[in-house]
Chemist: 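Just dropping this structure here.
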Amino acid sequence: TENKKNIPLAVDIAKEIKKRIFEELGLVASAGISYNKFLAKIASDYRKPNGLCTIHPAIALDFIAKLPIESFWGVGKVTAAKMHELGIHTGAELRECPLPFLIRHFGKMGMVYHNFAQGIDNRPVEPEWIRKSVGCEHTYEEDLTNLPDALLAIDALLPRLMSRIERAGFQGGRTITLKVKFQDFTIRNRSYTTPADLTRDDEIGMHLYRLMRELDWENKSIRLLGISLSVPYRKNTSGQQLQIPFPDFHEYPF
């Protein structure tokens with residue numbers, strides 16, 4: 001975002017934001033400063049709940065090397081377990097993996113993990129957040145074993161979804177998504193995008209029923225159902241990285 005106050009150092013901007021949050025809301029906040037989103041997010045988590053951490057470019061690669069793989073954005077429990085099986089436990093071990101190896105095991109995210117390990121993240125900062133989806137889900141005490149029960153479960157979820165859409169003032173939703181988790185914990189997602197906004201529960205329900213009927217789940221039972229309405233994906237072409245000077249890194253050791 002634009003540096004409207006012309007504050008020379010990023011760390012001073014972070015201090016000012018923390019100060020204003022406390023004065024206006026009475027809440028403490030942690031802040032992270034670095035040269036990209038990946039590192040700034042890690043820095044903000046580093047000294048919660050009321051910390052201030054700077055990861056200077058001069059020490060970034062050493063910092064990443066010591067990180068547990070679970071600290072990397074996009075690495076959840078399942079991915080972390082898979083990485084452990086491949087002998088990847090830290091940023092240093094991730095950095096040693098060739099890019100083709102990571103893509104073979106993690107698909108498109110392999111490129112992301114490869115870049116993160118090198119301290120590279122070119123995602124733009126989006127200062128104005130717009131809600132892109134609303135959803136709800138439910139885990140069943142007894143698995144759903146047939147289509148009629150699954151359709152009734154969708155009927156029970158629909159009022160919750162519509163209530164959340166109303167409370168959020170959500171508009172522009174054209175993509176309806178059905179999430180199904182089976183008893184073996186495998187997950188399938190099915191989506192359908194309409195040419196016009198979906199606003200009525202009967203319209204949304206009709207598409208969910210069709211997605212459920214088209215889902216092949218023979219010899220499986222359903223443990224969880226989720227439904228959501230979202231804005232169709234549009235590539236973000238706006239946003240430019242802002243270069244804010246850092247102090248000498250020894251002034252703000254992490």
Chemist: Under the criterion side chain to side chain contact (heavy atoms under 4.5 Å, CB included), I'd like the reasoning laid out for V112 against L102: C-alpha separation, chi angles, the key distance, then a yes or no.
Modeler: CA-CA 9 Å; V112 176; L102 293 174; over 6 Å; no

Chemist: Can you check whether I187's main-chain N or O pairs, donor with acceptor, with K181's side chain at less than 3.5 Å?
Modeler: no

Chemist: Let me confirm one number: the CG-OH distance from L178 to Y192, rounded to the nearest 0.5 Å.
Modeler: 15.0 Å

Chemist: Show your reasoning for whether side chain to side chain contact (heavy atoms under 4.5 Å, CB included) applies to I69 and H84.
Modeler: CA-CA 9 Å; I69 202 64; H84 291 169; 3.7 Å; yes

Chemist: For M212 and L225, work out which heavy atoms get closest and say how close.
Modeler: CE-CD2, 3.6 Å

Chemist: Is D62 paired with K66 through a side-chain N to carboxylate O contact shorter than 4.0 Å?
Modeler: no

Chemist: Taking the side chain as every heavy atom from C-beta outward, state whether Y113 and M83 have any pair of such atoms under 4.5 Å apart.
Modeler: yes

Chemist: So, taking the atom named CD in E70 and the one named OG1 in T90, what distance separates them when rounded to the nearest 0.5 Å?
Modeler: 10.5 Å

Chemist: When you compare the side chain of I64 with that of L39, does any pair of heavy atoms fall below 4.5 Å?
Modeler: yes

Chemist: Is I120 close to F38 at the side-chain level, that is, under 4.5 Å between some pair of heavy atoms?
Modeler: no

Chemist: Write down the atom of A150, the atom of I222, and the distance for their closest heavy-atom approach.
Modeler: CB-CD1, 4.4 Å

Chemist: Check the orientation of W73 and F116. Use parallel for under 30°, tilted for 30 to 60°, and perpendicular for over 60°.
Modeler: perpendicular

Chemist: Donor-acceptor pair, K220 side chain versus T186 backbone, under 3.5 Å?
Modeler: no

Chemist: Please say which of E137, R190, R188 ends up in a side-chain contact (heavy atoms from CB on, under 4.5 Å) with K179.
Modeler: E137

Chemist: Which distance, rounded to the nearest 0.5 Å, do you find between the NZ of K82 and the CD1 of I88?
Modeler: 10.0 Å

Chemist: Does the side chain of T199 come under 3.5 Å of the side chain of D197 through a donor N or O and an acceptor N or O?
Modeler: no

Chemist: In the structure I gave you, are the side-chain heavy atoms of V231 and F170 within less than 4.5 Å of one another anywhere?
Modeler: yes

Chemist: Does atom CZ (F22) have a neighbourhood of more than 12 heavy atoms from anything else shown, all under 6.0 Å?
Modeler: no

Chemist: Rounded to the nearest 0.5 Å, how far does CD of E142 lie from CZ of R223?
Modeler: 12.5 Å

Chemist: Which atom pair, heavy atoms only, marks the closest approach of N50 to A29?
Modeler: OD1-O, 3.6 Å

Chemist: Is any side-chain heavy atom of I33 less than 4.5 Å from a side-chain heavy atom of L52?
Modeler: yes

Chemist: Strictly distance-based, threshold 3.5 Å: is any side-chain N or O of R174 a donor or acceptor partner for the main-chain N or O of P195?
Modeler: yes

Chemist: Heavy-atom distance under 4.5 Å between the side chains of L152 and D155, does that happen here?
Modeler: yes

Chemist: I'd like to know if the side chain of S44 reaches the main chain of K41, judged simply by a donor and an acceptor atom lying under 3.5 Å from each other, with no hydrogens or angles considered.
Modeler: yes

Chemist: Would F72 end up clustered with M111 when hydrophobic side chains under 4.5 Å apart are linked, directly or stepwise?
Modeler: no

Chemist: Keeping the roles fixed (side chain from S221, backbone from Q183), state whether a donor-acceptor pair exists under 3.5 Å.
Modeler: no

Chemist: Give a yes or no on this: more than 12 heavy atoms of other residues, nucleotides or ligands lie within 6.0 Å of atom CD of Q171.
Modeler: no

Chemist: Report the C-alpha distance between R210 and H207 in whole Å, list the side-chain angles of each, state the deciding distance to 0.1 Å, and finish with yes or no for side chain to side chain contact (heavy atoms under 4.5 Å, CB included).
Modeler: CA-CA 5 Å; R210 181 174 58 80; H207 294 300; 4.0 Å; yes

Chemist: Can L158 and I204 be said to form a side chain to side chain contact (heavy atoms under 4.5 Å, CB included), step by step?
Modeler: CA-CA 8 Å; L158 267 173; I204 295 173; 3.8 Å; yes

Chemist: Looking at CG of L229 and CD1 of I165, how far apart are the two atoms once the value is rounded to the nearest 0.5 Å?
Modeler: 4.5 Å

Chemist: How long is the straight-line distance from CD1 of I21 back to OG of S30, given to the nearest 0.5 Å?
Modeler: 9.0 Å

Chemist: Identify the two heavy atoms, one from P49 and one from V28, that lie closest to each other, and give their separation to 0.1 Å.
Modeler: O-CG2, 3.8 Å

Chemist: Which atom names give the shortest non-hydrogen contact between L157 and Y140, and what distance separates them?
Modeler: CD1-OH, 4.1 Å

Chemist: Surrounding CD of E166 (heavy atoms of other residues, nucleotides or ligands, distance under 6.0 Å), is the total greater than 12?
Modeler: no

Chemist: Tell me the closest heavy-atom pair linking G119 and L61, and the distance in Å.
Modeler: N-CD2, 4.1 Å

